[in-house]
Amino acid sequence: MFNPGMLIKLQGMKDTFVRNHPKFPAFLKAVGSTAVEEGAIIEIQVTKTNGEVLKTNVKLQESDVELVKEIVGMAGK
């Protein structure tokens with residue numbers, strides 16, 4: 001069920017994130033418009049405060065491309 005209160009909360013959180021990291025939406029927009037294609041590899045790395053690194057990657061398949069473009073588009077707006 002659609003919860004308008006949650007949507008408003010998420011929008012506020014997104015706005016705060018963009019204020020804290022203003023270059024990130026432009027990066028996502030560039031990725032979404034030029035880099036999301038079959039065979040592209042998306043890699044994510046998180047370095048914890050204790051120095052531990054968590055890292056993974058995904059090689060996009062044709063069936064992944066539209067989903068990833070939608071997610072990047074939503075995050076980059």
Side-chain angles (χ1 to χ4, degrees):
M1 179 173 224
F2 181 71
N3 182 342
M6 182 57 74
L7 188 61
I8 292 168
K9 180 180 177 181
L10 288 173
Q11 182 63 43
M13 293 170 76
K14 178 190 165 277
D15 293 345
T16 299
F17 184 87
V18 170
R19 276 193 306 277
N20 291 339
H21 312 283
K23 294 180 183 179
F24 195 68
F27 170 77
L28 290 177
K29 189 173 184 178
V31 167
S33 66
T34 64
V36 178
E37 58 191 15
E38 184 178 3
I41 297 172
I42 296 176
E43 185 169 279
I44 299 173
Q45 176 176 312
V46 176
T47 305
K48 296 171 56 174
T49 56
N50 68 1
E52 180 184 357
V53 176
L54 305 168
K55 184 165 123 176
T56 191
N57 64 58
V58 175
K59 185 174 183 179
L60 295 180
Q61 298 178 17
E62 183 180 348
S63 61
D64 303 323
V65 172
E66 186 174 344
L67 172 63
V68 172
K69 282 185 177 183
E70 286 295 322
I71 292 169
V72 168
M74 288 179 357
K77 289 184 180 181

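Nothing fancy with the numbering, it's 1 onward along the sequence.
- The heavy-atom pair separating A40 from A35 by the smallest distance is CB-O, 3.3 Å.
- Each of V65, D64, I71 was evaluated against L67; a single residue qualifies, I71, per the side-chain contact (heavy atoms from CB on, under 4.5 Å) test.
- Taking L10 as the reference, M6, M13 meet the side chain to side chain contact (heavy atoms under 4.5 Å, CB included) condition, with sequence neighbours excluded.
- Within 6.0 Å of the CZ atom in F17, the count of heavy atoms belonging to other residues, nucleotides or ligands exceeds 12.
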Would you list the atom pairs, donor with acceptor, under 3.5 Å between side chains in residues 42-63 and any protein atom, with sequence neighbours excluded?
{"unit_1": "K48", "atom_1": "NZ", "unit_2": "E52", "atom_2": "OE1", "d": "3.1"}
{"unit_1": "N50", "atom_1": "OD1", "unit_2": "E52", "atom_2": "N", "d": "2.9"}

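- Screening residues 17-28 for side chain to side chain donor-acceptor pair (under 3.5 Å) gives T16-R19 as the qualifying pairs, with residues at least two apart or on separate chains.
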